[in-house]
Amino acid sequence: MPRKNATDTKIYVLDTNILLHEPHAFLSFKEHDVVIPMTVLEELDYIKDSKKDVARDARVSIRSMEDLLHDATPEEMLAGVSMEGLGAGDTAPSGKLSIFADLNMVEAQQVFTSNENDNRIINVALHIQKTFAPQKVVLVTKDLNMRLKAKGAGLAHVEDYRTDQLITDIKYLSRGFHTFEGNFWDNVKSVDSRTEGRDTIHTVPKSILPEAYINEFLLDDSKEFAGLVEEISGDNIEVLDLGYERLMSRHAWGITPKNIGQGMALHALLDPHIDMVILTGPAGSGKTLLALAAALEMVVERNMYDKIIVTRSTPEIAESIGFLPGTEEEKMLPWLAAITDSLEVLHKHDENTKGSMNYIMEKANIQYKSVNFMRGRSIQNAIVILDESQNLTASQLKTIITRCGEGTKLIVGGNLAQIDSNYLSAVTSGLTYLVEKFKDFSGSATINLDGVVRSRLASFAEENL
């Protein structure tokens, strides 16, 4: 068991979903002690042999705990084994990891007597809270209902896992652009401009936007100035002058921007120096349509890439696509209807829409792939469109991003208001994590498309329902 009466440290009891969300989560609690109930190990054992994508995370978590505990005696495992030396830097753990044999708890120690796994884990936290008072005991779970049950049963401290949560509220999420009130040049006291080919670059003081980051767009209310942060050095920012009208005149595969957000998105999508473009925004803002139009433009018209690979998460969190007859592409078509719908829109004025779609799919070498089969691949010289990414965790997104090899551009789209995962919220979604982690990376750009352009019906619904 943890160290008794060590009131300067806490005891964290972890639920199974924490170790599936982040397999090494037990190493994230610094000097505090961590307790894993035996019920959690049972659930991990059941999941590790399943055909779900989370089976891998279960196996990774089991192996990492076994590496720490393999030399410990049964008594030491129950008392706690030090985690010192397993990490580096300020976040290195120094507390103990112990296994609680909740299967042996006598009925008198149980608040919940029913045998559900959640109840058994709550019983462990309540028993430890009573035994180690006044030391703070915290149950960590991503299951909202379990948090409510634990509070109702008398557990003083219940939390979500927040180690990988970079913002406290979605309103603080980077939008990818900054809008100045009035005229941009009214905010600038000194400027040094130079011309490089057809481009004009302004060097302005960083004091006008202290929180600026690479590839952030700059706009003003006058609808005349539009710029892009190209470099931040010392007290200065180098801004590429794009011009509002120039942004609005961008086009790809017959598509032109309907608002300045789409203009910024098209600029980033068509820029060969940007390896990853993240598009966030509500349903109907044009994320998928713009991504597909830009991809077709760069593959078919400009011959910059060899193929387009389209993938997305499914509500079952990337479960197996099944064993029924059909190719991988045919099985993925229901999940990727948004792509085929967008393809149809792009060719709706053709004499034979169906024939045009088939021709373009072959010409652009469009491939539909399951997220399940992305692991282990190395994708070269392609455009990868990852749709509905708000349902993925940070580790799942890492798996996909690390598949992208030389010459590959990744387009990530998602709507944080439409999360289907049981254990993700807008602030804990992998998409939110991605936006914040990559916002200052020179090879990526983020655009929040905040205008619904699908139809006036969709726009009214987004605003009023």
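Under the 3.5 Å distance criterion, with hydrogens and angles disregarded, a donor-acceptor pair is assigned to the side chains of Thr141 and Asp15. Side-chain contact, Thr428 with Tyr161: no donor N or O sits under 3.5 Å from an acceptor N or O. Between the side chains of Ser193 and His202, a donor-acceptor pair is found at a separation under 3.5 Å. When only modelled atom types and interatomic distance are considered, Thr203 and Asn236 share no side-chain donor-acceptor pair under 3.5 Å. For the residue pair Glu22 / Ser28, no side-chain donor-acceptor distance below 3.5 Å is found, with atom types taken as modelled. Using modelled atom types and a 3.5 Å distance limit, the side chains of Glu436 and Ser174 yield a donor-acceptor pair.
Ring-plane geometry between His32 and Tyr12 is classed as perpendicular, the angle between the planes exceeding 60 degrees on a 0 to 90 degree scale with a lower cut at 30. Classified by interplanar angle (parallel below 30°, tilted 30° to 60°, perpendicular above 60°), the ring pair Phe438/Phe441 is perpendicular.
Remark: of the listed residues Val310, Leu397, Ile278, Leu397 is the sole one forming a side chain to side chain contact (heavy atoms under 4.5 Å, CB included) with Leu386.
Ring centroids of Phe217 and Phe177 are separated by 6.0 Å or more, keeping the two rings apart.
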Side chain to side chain contact (heavy atoms under 4.5 Å, CB included) assessment of Arg194 paired with Thr200: CA-CA 6 Å; Arg194 68 180 190 275; Thr200 301; over 6 Å; no
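Here Asp235 does not pair with Lys206 in a salt bridge; the nearest charged N to carboxylate O distance is not below 4.0 Å.
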